[in-house]
Protein chains: 2
Amino acid sequence: MRATVPITVADIKSACSQCNLLELCLPFGMSETEINRLDELVGARRKVKRNQHLYRSGEDFEAIYAIRTGSFKTDVLLEDGREQVTGFQMTGEILGLDGISTELHSCNAVALEDSEVCVIAYDKLEELSRQIEGLQHQFHKVMSKEIVRDHGVMMLLGSMRAEERLAAFLLNLSQRFTARGFSPAEFHLRMTRDEIGSYLGLKLETVSRAFSKFQESGLIAVQQKHIRIADLDGLRRLVHHPVNSR
Amino acid sequence: MRATVPITVADIKSACSQCNLLELCLPFGMSETEINRLDELVGARRKVKRNQHLYRSGEDFEAIYAIRTGSFKTDVLLEDGREQVTGFQMTGEILGLDGISTELHSCNAVALEDSEVCVIAYDKLEELSRQIEGLQHQFHKVMSKEIVRDHGVMMLLGSMRAEERLAAFLLNLSQRFTARGFSPAEFHLRMTRDEIGSYLGLKLETVSRAFSKFQESGLIAVQQKHIRIADLDGLRRLVHHPVNSR
DNA sequence: GCCAAGCGTTGATCCAAGTCAACCACCTGG
DNA sequence: CCAGGTGGTTGACTTGGATCAACGCTTGGC
């Protein structure tokens, strides 16, 4: 179970203390002195080209990854080929937490565009977080946040209708782009309709139709992967007070 | 946001070292000396009656809970009243991990029968797991396992058809009962059809019909909440090689 | 021990989303 | 710069599961 494509492991020392993603990433909430000690943790960066795997289901787990640039999807495959996208990750977010439980990765992580991650050796992370209280606490928060996010996705998949799901998805993206200093209202989708559909438990045609419907009703302007949200509150209303809930 | 029903906090000291759920619970994989130190961690037990809340969404997070006897469901509510059950938990499993990220609980935990939990103060847990490597490692595994489980549920909700979902659900229960020394083939459901439906993203009528269909085809025998699995492999085939997958 | 409420089953009908199909609009690489 | 391929849109039709409805069975609270 090795990646079929050779992967560049850059030998550049990354420094959390120098990173502008600080407040989105693992070091969030830590003191300056604590963060300085983090620099010993992040070994190397690794570049992953579009459509390449960062890791695959079944591979040995050794490290978690913080996204420095670019974005990823994670997915789980069934024997018969069905794919379930379990998440889309952007800069500052952590990949690989699934691997801790069995020491094998349990999902695939694929770059949606040319990307770069910081490699955080897991044994070192455990060691250091026994020494640095702030790191321990923050790491636990990151894991817990992932659990809460997952529960939100279950809500989406289990209890919402197609248009509510897509509206919730767009609002979530908007909020995350905002946190990264980008426009809340205008962004570029990194994933295909098929991938959005898989994530939302819908077929790509249904996603496409929902986009068109939102456009007709003046909520958004879509042009391929470019999205402009014209009526944020309108989308919010769709999620919270759907026209006709199940 | 307080529980409306008074809750008994038993003053009995629990001892992990004496507990027969050891290998299913937080202490799994720890050395004897490590486990002895755990006893200082588990403060008290708490009894929760059927249909009572262990905690509610929005309440302050202070502790996680290990189930000693009984079982629970966790759920998330939407403003308009829609409920999504996010999991069913049984003995040895840990509740409350959702609260770490914001220091507020983000879901509700409700007892499905009269139950008892061990209360694990979270600040103490962090402190002790900085000292006991085995505890730290095991706690991380528990969180990671929850993330992996959640991804499995996403697969279920996003990519499987009604009967596959129910078959997967029964197999999962069977496996967990087995791990607890009960029969893999015969057990009592603690939850209603409506709760199963919510968990699986189906209506209760659909759950009921699927049960009847499984019975007709000789896979199981159902009588209300009592389930006997007659053909485990048949159920497995349903999940892995569905007659007609999406 | 009885009875009402909650839970479960089954049938008839409906509809949201899936499926199938045709076509369009971009990139992308030669 | 053009050709082929991938990704996206739209329409027609189908269908799995939801909805609505009626009824039967436990069960637990008095």
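Per chain, numbering begins at 1; letters A, B, ... match sequence-line order.
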Taking [atom1] from [X] and [atom2] from [N], how many angstroms apart are they, rounded to a whole number?
| X | N | atom1 | atom2 | answer |
| --- | --- | --- | --- | --- |
| B/K203 | C/dA16 | NZ | P | 14 Å |
| B/E113 | D/dT27 | CD | C1' | 16 Å |
| B/H188 | D/dT27 | NE2 | C1' | 11 Å |
| B/F214 | C/dT9 | CZ | P | 13 Å |
| B/I220 | C/dT9 | CD1 | C1' | 14 Å |
| A/L166 | C/dA16 | CG | P | 17 Å |
| B/L202 | D/dT15 | CG | P | 20 Å |
| A/R161 | D/dG16 | CZ | C1' | 15 Å |

So, A/S174 side chain and A/A185 main chain: donor-acceptor pair closer than 3.5 Å or not?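 Not a single qualifying donor-acceptor pair exists.
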Geometric class of the B/Y55/B/Y65 ring pair [parallel <30°, tilted 30-60°, perpendicular >60°]: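 Parallel: the ring planes of B/Y65 and B/Y55 meet at under 30°.
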Can you label the angle between the A/F182 ring and the A/F177 ring as parallel, tilted or perpendicular, going by 30° and 60°?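 The arrangement is perpendicular - the two ring planes meet at more than 60°.
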Would you mind building the protein contact string for nucleotides 3-13 of chain D? One character per nucleotide, 5' to 3', B for base within reach (heavy atoms under 4.0 Å), S for sugar-phosphate only, - for untouched. -----SBBBB-
Start with the C-alpha distance between A/S159 and B/E83, add both sets of side-chain angles, then the distance that settles side-chain hydrogen bond (donor to acceptor under 3.5 Å, both in side chains), and finish with yes or no. CA-CA 7 Å; A/S159 307; B/E83 176 196 30; over 6 Å; no
Decide if the gap between the ring center of A/F72 and the ring center of A/F88 is smaller than 6.0 angstrom.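 Not close enough - the centres of the two rings lie 6.0 Å or further apart.
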Using a 6.0 Å cut-off, check whether atom CZ of A/R50 has over 12 heavy atoms from anything other than its own residue.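 It does not: A/R50 CZ has 12 such atoms or fewer within range.
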